[in-house]
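Quick note on labels: first sequence line is chain A, next is B, and so on, each numbered from 1. Keep in mind that the numbers below use all heavy atoms, side chains included, and drop hydrogens, waters and symmetry copies.
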Amino acid sequence: MATTLRLRIHTELDLGEKNLQDPPQVYAKIYKLVPSAGQLKRVRPPREELVPVSGRPKDWTTINLDPGHYFVEAVLPSGEILADDVKLETGRESELTLEGERSPHEWLSWQHLMGDAQTVSTVDRSFSRLRVLRGSQSTQLLSTPHSALVAAAPEAAQAWSLIGETNEDSLPALIGAMNKNKNGIGLSAYMQDAERVVFRVNVDGLQGSGHHNLNKLSTAASRYYIVVSRQHSVELLSLPLPWREIKSHRPVDVEITVQAPGDPREFYTSIGVLDESLGMLIGYLASGAFPSARKLCDAAKDSLFLKTSNPLAAAAGGYALVSTDTDPSDKDWHAWIRNLYQFFPHIPDGAIQWGQHCLRRRRTAKDVEEARKAFKSAFQRGLPFYSLGIRWLLEGLESTSRDDPEGAKMIEAVRRVAWNTCFAQAFTIIRVGSE
Amino acid sequence: MSAIVYEKPVNGPATHAIVIGVGDYPHLPGGGMGQLKSPPYSAHDLARWLIEKYNCPAKPLASVSLLVSAATASPFTFKVNNIESSINVTPAVMPQVKLAVREWRERGHQNTDHVLLFFFCGHGIAAGTDLALLLSDFGEVPTAPLEGAINFGAFLQGMDECKAREQCYFVDACREGSELLIKNYSYRGDPIIQSTGNIPDTNGHSRRLATFFSTLAGAKAYAAPGKPSVFTHALIQALSGLGSTDDDGGPWQVKTTRIQIALEYLMQEASKELKLSQAQFSITGDLAAITLNEVNENEFSVPVTVVCEPEVAISKAYLQCRDSKSKVKKERRPVRKPWCVTLPVGIYDVSAIFKSKAYKDAEIQKSVSPPQRRVVLKTPVAVS
């Protein structure tokens, strides 16, 4: 006789919306433990269920299980492992809450969940306190230029050389060029403390109380960047906007965190999308946990690819799919990657994914030629939205286009940008100038 | 001199490993890099672990190549069937490494089902995705220092033309930013294996590639004398069982996907102990799911941390772990810090007993499985 388990992961999350219908979810493995030779043994394979992650006690997933002893495990994008045991009795509903590590602030909770909040615990871990690393340099948001860099294909291709060749002296010229000589938009912080400052921006979403709707603050642009100053350089953040939640089509905030790292050679900034449906997938992509990202992508495939209401989110799914594809058989989603390439020219990532797909599955020279075309097309489309795109583009061009002069120039341009790209982040962040 | 230190004939799919450790850099051109003590220990320990412990019935270990450069060379020793062997090791200089890597690649090229393991420990210099692994003869030619370096990215690309479809790379090297790579734009070291444009006949199977990188900045400096580096130590723990799972229904198997989870945990723990910040590197580059060795669940232990709720109660608690036969496996007197123990995979009764009567005694049954377990004992304040 089955009984029910109500399962949730508790961690405070500040997603900016108080009335979210569905909280973010991750997969948990549920193992039944059964007696065997005087010991309890795990029944395999485990059951896998999507479990809500939130600070709201009302967010549960209810699972029907046989009575008995169970072991439950989930791994968050930050790498934190949550696990516990629960005993289910006949006719009685049981609850299990897996407790996530506390974030230093609720407003920093999303970055903490993604593993981006720079914290180090004290040596005495008994009281779960966190000591924040202190940085010596100030972090000030200078300007948020809206850019025409990728408004049209010919200009998009110039992004590579413009960014790759900029030095400390020519930074104002870069910002001016990106803004077409208009002033950038100053942003006020959503929240801050002595070490960190968080900004939230969107297109067509909330305005005020620390949220910035860029469409209301400026004339519409095809792409938005944020510039964050360092001592002798800036960090240029490519914002994944516009971003809409794939089920409700609600505009979603992009969160930018600026914090001084423990090592000044590292990057100051990180980007997250406060998307309850796909934020976790992007977190797994950033940490290199591609199989976990793939599982979440599989669960959201229809919303991601068939409706294509958010092609930037579909591109995240594309990375999860292409990076984990080793089976030689043809799949439905192969056509979806080609669609991203063909129908969304303003997103270079689709072309890069199609090129990688063709290259990884190459059987004849035609496949290599198709990959070459896709990579060159991607270059012409401008900076990828995802940092993985920069890596794949560079690898792809090197594999397919080293011997032609045009390809060699592209490789050189992409390499210069790659030297200064933060590959620990899912979205593209580039340091411009020398630090 | 062949770099192979272990070889066993295997019919069919097999595992071939190459292990490189560089501590001796006689030609370093100044700057921040210095001599390293831990890489020779790391390379010896990993190679020894592979020969003595690696157990993959589906793809048994068929060969291990070992190249090590240390300030003071020492022979490589290992035991098989209680027979100890001692072998002089090939130095990790470019001509020898080139030869050994190409032979390793050729062994992999014989069967699409082979698994290839590559391990490097030493200095690394990086610029973006470019990574050069420095061998002992790095800088020997002052006008061309990178002749003694492996262009890791190009090497990985070239290895895609090797038929072996499962390839794992472990790089235990600081990825220090380097002007040298930026200045030598067109040359980032020797790829050793070049991309030729050939398309390997693999029945359409893409390569399953898993790459792991050390993430602790300067961690090697923290390796204890005569011990491997923090990353290699964590890697051996992961391979020994902390990176294993029994999800497939058979024996406990080490898988790359679980290695990633175990290494994330172990490296975070190490950085806390050493008070280092985690560098902004992902621990993985690519992460295809590859099954490696099998482990016996009784032969490795899992780190377990026991805490009380409220936290301060632990300073008064007598703690105990008993196994399924009620045998006391571990116990501890009151101490004002969490109880960190290691226990074999299994189910345990964990209890807190208070002599002071300040808190109520607590007992809970918990299962322990890799890579780690945290147990919270709820010990309410006793009401008098």
Side-chain angles (χ1 to χ4, degrees), chain A residues 29 33 38-40 42 44-46 69 71 73 75 79 81 83-85 87 99 118 120-121 123-128 133 261-263 265-267 286-291 323-326 328 360-365 368 390-391 394-395 398-399 412 415 417-424, chain B residues 127-130 153-154 157 165 177 182 185 195 197 199 203-208 217 246-249 257 260-261 264-265 268 271-273 275-289 305 307 311-312 314 324-325 336-338 346-347 365-367 369 371-374 376:
Chain A
K29 290 182 178 178
L33 303 168
Q39 289 188 320
L40 285 174
R42 307 204 303 190
R44 287 84 42 92
H69 187 161
F71 172 70
E73 181 197 75
V75 182
I81 305 159
D84 209 346
D85 293 55
K87 288 181 181 172
E99 293 281 348
Q118 295 244 343
V120 63
S121 65
V123 173
D124 179 356
R125 273 173 278 136
S126 55
F127 305 109
S128 308
L133 288 172
D263 183 338
R265 291 168 297 184
E266 293 177 1
F267 281 77
S287 67
F290 300 121
S323 65
T324 51
D325 184 33
T326 52
R360 287 175 183 226
R361 296 168 59 89
R362 67 194 184 280
R363 294 178 197 188
T364 66
V368 179
I390 294 180
R391 179 158 78 87
L394 183 56
E395 289 172 4
E398 283 194 318
S399 292
E412 182 178 339
R415 168 160 285 119
V417 170
W419 280 337
N420 295 303
T421 299
C422 179
F423 290 101
Chain B
T129 51
D130 292 342
Q157 276 182 25
R165 295 288 81 187
I182 293 171
Y185 168 77
S195 296
I199 299 169
N203 299 321
H205 284 89
S206 305
R207 171 171 60 163
R208 286 174 187 262
D246 62 348
D247 283 1
D248 291 346
T257 46
Q260 189 230 5
I261 294 167
E264 288 266 10
Y265 164 73
Q268 279 183 14
S271 56
K272 285 172 186 171
E273 291 298 322
K275 296 188 187 177
L276 293 170
S277 76
Q278 279 288 97
Q280 287 180 327
F281 292 131
S282 297
I283 214 156
T284 53
D286 296 271
L287 185 64
T305 306
V307 296
E311 290 163 335
V312 290
I314 203 151
S324 55
K325 292 167 187 160
R336 193 182 171 275
K337 62 179 184 182
I347 314 279
Q365 193 176 49
K366 296 288 179 186
S367 50
S369 60
Q372 61 95 28
R373 188 65 210 266
R374 184 178 170 87
V376 181

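What you find for Ser287(A) and Glu264(B) is that their closest heavy atoms are O-OE2, 4.1 Å. When all heavy atoms are compared, the tightest approach of Pro371(B) to Glu73(A) is CD-OE2, 4.3 Å. Considering all non-hydrogen atoms of both residues, Trp419(A) and Ala127(B) come closest at CD1-O, 3.1 Å. Annotation for Asp247(B) and Lys29(A): closest pair OD2-NZ, 2.5 Å, computed over non-hydrogen atoms. Here the closest non-hydrogen pair linking Ala289(A) and Leu287(B) is CA-CD2, 4.2 Å.
Here the side chain of Thr129(B) pairs no donor or acceptor atom with the backbone of Arg391(A) at under 3.5 angstrom. With hydrogens and angles disregarded, a donor-acceptor distance shorter than 3.5 Å links the side chain of Arg44(A) to the backbone of Asp246(B).
At a threshold of 4.0 Å, the pair Arg374(B)-Asp84(A) does not count as salt-bridged, since none of the basic side-chain nitrogens sits closer than that to a carboxylate oxygen.
Contacts between Gln365(B) and chain A at a heavy-atom distance below 4.5 Å involve backbone atoms as well as side-chain atoms. Thr257(B) touches chain A through its side chain: at least one heavy atom from C-beta onward sits under 4.5 Å away, while N, CA, C and O do not. Of the atoms belonging to Ile347(B), it is side-chain heavy atoms, and not backbone ones, that fall under 4.5 Å from chain A. Within the 4.5 angstrom heavy-atom criterion, atoms from both the backbone and the side chain of Ile81(A) approach chain B. Proximity to chain B (any heavy atom under 4.5 Å) is shown, for Thr421(A), by neither the backbone nor the side chain. For Val417(A), no part sits under 4.5 Å from any heavy atom of chain B, backbone or side chain.
When Arg207(B), Arg208(B), Arg165(B) are each tested for a side-chain hydrogen bond (donor to acceptor under 3.5 Å, both in side chains) with Thr326(A), only one passes: Arg208(B).
Side-chain atoms of Asp286(B) and Ser323(A), non-hydrogen and from C-beta on, never get closer than 4.5 Å to each other. Arg42(A) is listed as a side-chain neighbour of Ser369(B), based on a closest heavy-atom distance under 4.5 Å.
Separating the CG atom in Asp85(A) from the CZ atom in Arg373(B) is a distance of 4.5 Å, to the nearest 0.5 Å.
For the set Pro46(A), Gly79(A), Pro45(A), the count of heavy-atom pairs under 4.5 angstrom toward chain B peaks at Pro46(A).
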